[in-house]
Enquirer: 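Before anything else, here's the structure in question.
Just follow the structure's listing: the first ligand is 1, and inside any ligand the first atom is 1.
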Amino acid sequence: MSKGAHISSREQYDKLYRQSLDDPEAFWGDIAESFHWHKRWEKPFCRCNFDMNKGPISIEWLVGAQTNLCYNAVDRHVEAGHGDRVAFYWEGNDLNQDSKVTYRQVQDMVCKIANYLKSIGVKKGDDVTIYMPMIPELPAAMLACARIGAVHSVVFAGFSADSLAGRIMDSRPHVILTASAVKRGAKPISLKTIVDDAVTKCEEEGHKIPFVVVFDHSLAQKRSEVPFTSGQDVWWQDVIDPQPIECDVEWMDAEAPLFKLYTSGSTGKPKGVQHSQAGYMLGSATTFKYVFDHRPDDVYWCTADCGWITGHSYVTYGPMLNGATQVIFEGIPTYPDAGRAWDLVDKYKITVLYTAPTAIRSLIQKGDSFVTKYSRKSLRLLGSVGEPINPEAWKWYYEVGGDKRCPIVDTWWQTETGMHMITPLPGATTLKPGSATLPFFGVEPAVLNDQGQELEGEAEGYLVIKRPWPSCMRTLAGDHERFEKTYFEIYKGYYFTGDGCRRDKDGYYWLTGRVDDVINVSGHRIGTAEVEGALDNHPACAEAAVVPFAHDIKGQGIYAFVTLMDGYDYPPDESLRKELVAMVRKVIGPIATPDVIHWAPGLPKTRSGKIMRRILRKIASKEEDSLGDTSTLADPSVVEQLLNLRGK
Ligand code: 6R9
């Protein structure tokens with residue numbers, strides 16, 4: 001237990017936790033006092049309905065207040081005399097590419113972007129799509145949107161043109177902010193080419209994108225090599241750099257939308273998870289402060305990209321709302337070698353490192369010498385996010401990465417929750433490797449059985465949340481009905497997380513993975529339906545069924561059973577496998593690359609035609625000895641056929 005910590009004992013945690021549930025208004029109201037409000041909140045502090053039996057789901061916090069997240073994350077610190085504090089140490093993909101940006105410089109950068117957006121007619125409530133590499137301009141662009149009340153939709157710059165086009169068509173942005181290219185590892189990727197493809201696709205569907213702003217990222221690609229369409233494209237450096245460095249903030253209603261972020265669900269197209277202003281500000285900032293036990297002299301590094309929720313809450317908003325100094329890195333931790341992450345730790349004297357189990361496992365594989373050759377003395381705290389951390393990875397992270405000195409905060413949360421929900425607090429929580437431990441303040445989890453009954457004490461079942469927390473998503477963009485159906489209809493009165501969990505005798509939570517048709521690949525959510533849809537695009541594919549399987553590095557891998565159109569022999573020519581994999585990469589992006597394509601002349605189906613995924617999961621995991629009840633199969637011989645085609 002650490003004496004100097006914000007929350008320095010279990011007793012203090014217990015007391016504050018109780019208070020946060022007994023009197024949310026007093027608890028969060030007190031926290032809210034440390035932010036700037038243009039207009040204070042009124043009564044009631046929180047106006048929410050989490051129970052569909054009582055009417056539509058609605059979530060409102062700090063009713064009546066007005067604020068601005070950009071003001072709180074940037075201007076407030078500059079005005080308090082911290083303008084010279086470093087906001088970002090930027091490290092490029094290649095060695096010796098780096099820069100430093102202070103809070104005052106961020107303010108200038110943000111105002112210039114905001115002024116440009118205003119000059120092309122972006123107004124409060126308009127959408128802006130951002131498709132950029134991890135350079136300081138990316139969080140600055142998000143903050144610029146927040147400054148003028150535009151709603152940002154950041155798309156991870158690893159998604160394909162098709163995925164980007166889908167998200168653009170759903171949110172109808174006024175402008176796309178992008179960069180010429182990104183370098184992650186040895187080879188540059190031309191983002192502009194992907195954007196051009198996406199824009200063409202949108203135009204074919206009748207959606208015209210008025211403006212595309214291209215940051216000339218010459219470290220990744222020479223300007224002369226970048227495809228450029230005059231009349232549509234403008235160079236960032238030409239239009240944004242000359243803008244004035246003053247820009248008034250737009251005071252925003254507490255519940256106005258701040259951003260949407262698309263994430264995969266178990267069915268249909270990705271969902272635009274929509275977050276709002278004031279509650280998100282309280283949630284992201286407060287968790288950052290307590291979970292990472294933030295101190296002014298910290299140098300914090302979160303390895304997530306801003307294209308994911310972790311980059312939203314724990315790169316752009318949480319840290320900056322706390323005036324933190326952080327490292328942002330364009331590259332990958334294994335380039336040019338597996339020592340890069342630890343090299344950065346020493347170079348910037350990083351104190352807090354927040355990464356994902358998949359990254360840890362990929363480093364374990366390369367051997368300890370890449371770690372031990374660096375001092376790592378500056379580290380005091382390690383964090384994990386994205387998927388359950390297996391005991392082996394936990395132990396290595398603790399013993400090798402952190403030299404047995406640094407606690408690990410294993411943070412469970414989701415795009416939808418906006419903030420850490422179940423997590424240790426480093427000064428207060430006794431850790432158990434593999435457990436996300438205890439709920440954060442204001443979070444009331446419960447465990448349900450199949451019948452939706454709440455289980456007491458030691459239990460295993462579905463993880464649900466019983467009451468709203470400030471940074472809960474407010475809706476799915478343009479589809480409140482799907483929002484209610486997905487999260488609130490199954491177990492009335494609860495938010496359904498989609499995760500399974502176990503609660504032990506000490507009340508600690510152990511996450512056991514998704515219970516819906518979502519695969520967690522390297523900490524990223526991929527819907528089985530999305531991959532199936534992508535495979536279906538290939539003319540040779542008659543039907544596809546996709547299931548997860550245990551993968552040493554990625555946590556879960558993608559296993560696809562594919563039935564071919566009539567006329568194909570099994571197994572078909574090897575080139576077809578490559579074409580199918582290429583199709584998925586094209587439609588979704590490289591993160592959804594299937595690890596295995598298993599040819600399937602027939603799929604196990606019930607007599608009513610439903611695919612029995614339980615059986616496919618067993619086959620994918622090589623557990624065909626325990627297939628369970630197969631008596632409901634329409635044609636039991638398909639299982640034998642599938643087993644014969646394994647590895648073919
Ligand atoms: C933050 C983020 C959410 C899903 C979530 C769960 C899994 C995330 C975890 C974890 C066990 C942890 N997950 N953190 N599982 N332990 N510490 O990853 O958001 O991309 O929306 O994914 O990730 O399955 O439901 P998102």
Side-chain angles (χ1 to χ4, degrees), residues 154-156 158-159 259-266 270-275 280 283-284 287-288 291 302-318 354-361 382-391 393-394 397 408-424 429 431-440 443 445 462-465 471-473 476 486-487 495-503 508-528 530 548 554-556 591-592:
V154 185
V155 180
F156 171 58
F159 276 116
F259 67 83
K260 42 184 96 148
L261 180 59
Y262 289 84
T263 189
S264 297
S266 34
K271 304 172 286 199
V273 169
Q274 192 166 304
H275 282 279
Y280 179 81
S284 61
T287 46
F288 178 82
V291 173
C302 166
T303 64
D305 190 284
C306 283
W308 309 106
I309 192 66
T310 305
H312 281 62
S313 299
Y314 300 109
V315 176
T316 304
Y317 290 107
Y354 189 33
T355 193
T358 185
I360 298 166
R361 287 190 298 263
L382 303 171
S384 174
V385 61
E387 55 174 313
I389 179 164
N390 49 309
W394 198 100
Y397 198 27
I408 297 177
V409 286
D410 175 4
T411 59
W412 175 85
W413 61 295
Q414 308 177 297
T415 304
E416 293 87 339
T417 70
M419 68 179 213
H420 298 147
M421 298 291 278
I422 301 183
T423 174
T429 316
L431 303 175
K432 296 191 191 184
S435 169
T437 75
L438 299 167
F440 189 75
V443 175
Y462 301 121
L463 177 64
V464 295
I465 312 291
S471 65
C472 176
M473 78 184 137
L476 292 177
T486 311
Y487 303 103
Y495 163 77
F496 176 57
T497 63
D499 278 316
C501 83
R502 183 166 70 77
R503 188 174 48 215
Y508 276 44
Y509 289 83
W510 300 74
L511 278 299
T512 51
R514 301 288 306 190
V515 293
D516 54 7
D517 290 322
V518 170
I519 307 186
N520 191 326
V521 183
S522 301
H524 302 314
R525 285 158 63 170
I526 309 284
T528 54
E530 272 176 275
K554 301 180 186 177
Q556 288 191 318
I591 49 166

Enquirer: Of the backbone atoms (N, CA, C, O) and the side-chain heavy atoms from C-beta on, which set of T415 has a member under 4.0 Å from an atom of ligand 1: side chain, backbone, both, or neither?
Expert: both

Enquirer: When you compare ligand 1 with A436, is there at least one nitrogen or oxygen pair between them that comes in under 3.5 angstrom?
Expert: no

Enquirer: Are W308 and F159 an aromatic pair by the rule of ring centers under 6.0 Å?
Expert: yes

Enquirer: Hey, what's the ring geometry for Y314 with H420, parallel, tilted or perpendicular (30° and 60° as the breaks)?
Expert: parallel

Enquirer: Considering only protein heavy atoms, which is closest to atom 6 (C) of ligand 1, and at what distance to one decimal place?
Expert: D499 OD2, 3.1 Å

Enquirer: For ligand 1, indicate whether the residue Q414 contacts it via side chain, backbone, both or neither (heavy-atom separation under 4.0 Å).
Expert: both

Enquirer: Verify side-chain hydrogen bond (donor to acceptor under 3.5 Å, both in side chains) between Y262 and T415, making sure each step is shown before the conclusion.
Expert: CA-CA 9 Å; Y262 289 84; T415 304; over 6 Å; no

Enquirer: Please write down residue, atom name and distance for the protein heavy atom closest to atom 1 (C) of ligand 1.
Expert: W413 CE2, 3.4 Å

Enquirer: Does the N or O separation between E416 and ligand 1 drop below 3.5 Å for any pair?
Expert: no

Enquirer: Determine whether T287 and W413 make a side-chain contact, defined as any pair of heavy atoms from C-beta on separated by less than 4.5 Å.
Expert: no

Enquirer: Taking N or O atoms only and a 3.5 Å limit, does T411 qualify as a polar contact for ligand 1?
Expert: yes

Enquirer: Do ligand 1 and T263 have nitrogen or oxygen atoms that lie under 3.5 Å from each other?
Expert: no

Enquirer: Looking only at protein heavy atoms, which one is nearest to atom 8 (C) of ligand 1, and what is the separation?
Expert: G386 C, 3.3 Å

Enquirer: Among protein heavy atoms, which sits nearest to atom 22 (O) of ligand 1, and what does the distance come to when rounded to 0.1 Å?
Expert: R525 CD, 3.1 Å

Enquirer: Report yes if some N/O of T497 lies less than 3.5 Å from some N/O of ligand 1; otherwise report no.
Expert: no

Enquirer: Residue-level breakdown please: for N520 versus ligand 1, do any non-hydrogen atoms fall below 4.0 Å on the side chain, on the backbone, on both, or on neither?
Expert: side chain

Enquirer: If you look at every heavy atom in W510 and P433, which pair is closest and at what distance?
Expert: CZ3-O, 3.3 Å

Enquirer: So, is S384 polar-close to ligand 1, with some N/O to N/O distance under 3.5 Å?
Expert: no

Enquirer: For W308, state whether at least one heavy atom is located under 4.0 Å from any atom of ligand 1.
Expert: no

Enquirer: Do Y280 side-chain atoms and S313 backbone N/O form a donor-acceptor pair below 3.5 Å?
Expert: yes

Enquirer: Could you walk me through whether D499 and W412 pass the side-chain hydrogen bond (donor to acceptor under 3.5 Å, both in side chains) check?
Expert: CA-CA 10 Å; D499 278 316; W412 175 85; 2.9 Å; yes

Enquirer: Short question: side chain of T417, backbone of C472 - any donor-acceptor pair under 3.5 Å?
Expert: no

Enquirer: Could you tell me whether a side-chain N or O of H312 sits under 3.5 Å from a main-chain N or O of C306, the two making a donor and an acceptor?
Expert: yes

Enquirer: Any idea which protein heavy atom is nearest atom 12 (C) of ligand 1, and the distance to it?
Expert: E387 O, 3.5 Å

